[in-house]
Amino acid sequence: MRAFTGRPPAGQSGGGTAGRRTALYSALAALLLGLTLITVVATEGTDRFGAEPASTSGRSDPDLAGTPDPPADTRRPSGRPALVDNPLYETGRLMPLPCPAPQLDVHDPASVERFLDTITDCLDDAWKRQFDEAGIPFETPKRVYWSEGGSSPCRDYPSAAGAFYCRAVKSVYIGTSDVVEKWGGNEEGAVYASLLAHEYGHHVQGEAGLLEYYHDKRAEESSRPESNEWTRKSELQANCLAGVFLGAIEVSYPLEEEDVDAVLDDAAATADRADAPDEDRTHGTAENSVLWLEHGLEQQSPGACNTWSVEDESLVQ
């Protein structure tokens with residue numbers, strides 16, 4: 001885990017890692033797109049897992065083409081309230097059905113696909129329940145697990161992206177061999193579950209009404225660094241939503257300490273690199289990437305993931 005350098009809440013000690021984590025959770029709770037049509041959670045090489053972030057993020061820049069027309073259903077929030085005051089934030093803890101950890105052989109693409117299907121079934125169930133609670137319509141995303149090259153409305157694949165979400169067709173794309181290669185053959189299933197949950201988090205943002213407003217506001221900015229401020233908040237929120245899911249299914253899909261360490265290290269490794277210029281900073285610092293994923297794991301509620309209303313801007317850099 002990387003040490004967090006943000007502001008601790010008053011009245012709480014920072015005694016050790018646990019103390020820092022508790023302080024961060026309390027601070028965020030108190031303070032408390034289209035989106036990049038393509039959101040890539042991938043490293044540039046095959047040996048980056050667990051490594052310190054380098055000079056630029058391993059994820060590709062957002063593709064803003066092909067945004068669908070805003071949904072007509074008036075039950076779906078729109079405008080700025082969709083970002084900062086979304087009914088989904090008030091639904092409490094995610095309550096999925098049991099989601100036993102499936103077997104995974106990363107060297108067998110068919111096994112990887114079965115693993116992804118099992119986790120996506122759990123994601124569909126958990127988020128459908130949450131949207132029902134919020135009174136917002138929800139359509140589950142399509143699944144495209146590629147083993148050969150192809151094309152989506154957002155981009156061709158395979159490419160630098162081992163996985164991405166394409167809002168134009170409400171689909172999650174993952175390469176069953178490519179993603180394993182890009183993660184250096186890592187055999188920790190939790191890493192791939194976290195990756196999938198992050199991409200699914202962008203679908204959650206879209207169904208909750210965030211993406212269209214986010215995309216419009218991002219496009220209005222006059223410079224790349226200013227538009228990147230919007231992108232980072234979206235990416236960090238998706239990190240948090242992934243943590244919400246992983247934390248909520250832990251009873252039936254227990255995460256051992258090494259699993260948690262693996263997903264947190266991966267969050268740091270796929271963040272913006274420390275010396276990246278402002279024009280390339282689209283996914284947040286390693287510290288913040290880890291912070292928001294951890295916060296979701298701990299709080300297990302989408303209300304913990306409101307990156308749009310955080311007063312301390314250092315938490316979304």
Side-chain angles (χ1 to χ4, degrees), residues 1-8 14 17 20-21 23-24 27-28 33 35-64 155 159-164 178-179 181-184 186 191 194-195 198-199 201-202 214 218-219 221-240 242-243 260-296 307-308 310-317:
M1 260 210 53
R2 278 62 176 174
F4 174 66
T5 58
R7 181 181 63 196
T17 300
R20 288 195 299 273
R21 290 181 181 177
L24 291 171
L28 284 167
L33 322 149
L35 162 74
T36 70
L37 289 181
I38 292 180
T39 309
V40 180
V41 186
T43 59
E44 289 180 337
T46 60
D47 58 352
R48 192 179 300 276
F49 175 78
E52 292 288 339
S55 59
T56 59
S57 172
R59 306 171 187 181
S60 71
D61 290 335
D63 180 349
L64 301 180
R155 74 180 316 165
S159 66
F164 61 92
D178 291 350
V179 74
E181 179 181 354
K182 290 178 185 297
W183 264 256
N186 190 282
V191 171
S194 180
L195 162 67
H198 175 100
E199 299 304 338
H202 290 307
Y214 151 77
R218 184 186 189 280
E221 298 294 353
S222 60
S223 70
R224 183 65 178 270
E226 289 175 322
S227 68
N228 286 347
E229 293 179 10
W230 291 89
T231 306
R232 286 194 297 271
K233 291 180 180 181
S234 170
E235 291 299 327
L236 292 170
Q237 183 175 52
N239 266 21
C240 183
V260 175
D261 288 343
V263 298
L264 295 179
D265 283 347
D266 185 62
T270 54
D272 294 329
R273 298 174 187 175
D275 58 351
D278 289 344
E279 289 76 9
D280 294 336
R281 303 189 67 85
T282 57
H283 288 73
T285 65
E287 291 84 1
N288 286 339
S289 185
V290 169
L291 168 66
W292 284 97
L293 178 59
E294 264 194 317
H295 194 55
T307 56
W308 311 98
V310 172
E311 295 178 5
D312 185 349
E313 286 293 319
S314 71
L315 300 176
V316 288
Q317 296 302 311

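Here, residue 1 is the first one in the sequence, and each next residue gets the next number.
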Evaluate Val260 against Glu294 for side-chain contact (heavy atoms from CB on, under 4.5 Å), listing each step before the verdict. CA-CA 9 Å; Val260 175; Glu294 264 194 317; over 6 Å; no
Pair Thr282-Asp272, side-chain contact (heavy atoms from CB on, under 4.5 Å): steps then yes or no:
CA-CA 7 Å; Thr282 57; Asp272 294 329; 4.1 Å; yes
Given the rule in the side-chain contact (heavy atoms from CB on, under 4.5 Å) test, do Val310 and Trp292 qualify, once you have shown the distances and angles that lead to the verdict? CA-CA 12 Å; Val310 172; Trp292 284 97; 3.7 Å; yes
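Here the side chains of Val179 and Leu195 are in contact, with some heavy-atom distance below 4.5 Å. Residues Asn239 and His198 are in side-chain contact: their nearest non-hydrogen atoms beyond the backbone lie under 4.5 Å apart. With contacts defined as side-chain heavy-atom distances shorter than 4.5 Å, the pair Glu279/Pro225 qualifies. Side chains of Leu236 and Asn288 form a contact here, defined as non-hydrogen atoms less than 4.5 Å apart.
Here CG of Asp280 is found 8.0 Å from CG of Asn228. Values are rounded to the nearest 0.5 Å. From His202, atom NE2 reaches atom OG of Ser234 across 5.0 Å, with rounding to the nearest 0.5 Å.
Here Arg232 pairs with Gln317 under the side chain to side chain donor-acceptor pair (under 3.5 Å) rule; sequence neighbours left out. Glu226 is linked by a side chain to side chain contact (heavy atoms under 4.5 Å, CB included) to Glu221, Ser222, Ser223, counting only residues two or more places apart in sequence or in another chain.
The main-chain N or O of Val191 is never found under 3.5 Å from a side-chain atom of Ser194 such that the two would form a donor-acceptor pair. Looking at Thr270, its side chain does come within 3.5 Å of a backbone N or O of Asp266 through a donor-acceptor pair.
With salt bridges taken as basic N to acidic carboxylate O contacts below 4.0 Å, one links Lys233 and Glu313.
When all heavy atoms are compared, the tightest approach of Ser289 to Ala268 is OG-N, 4.5 Å.
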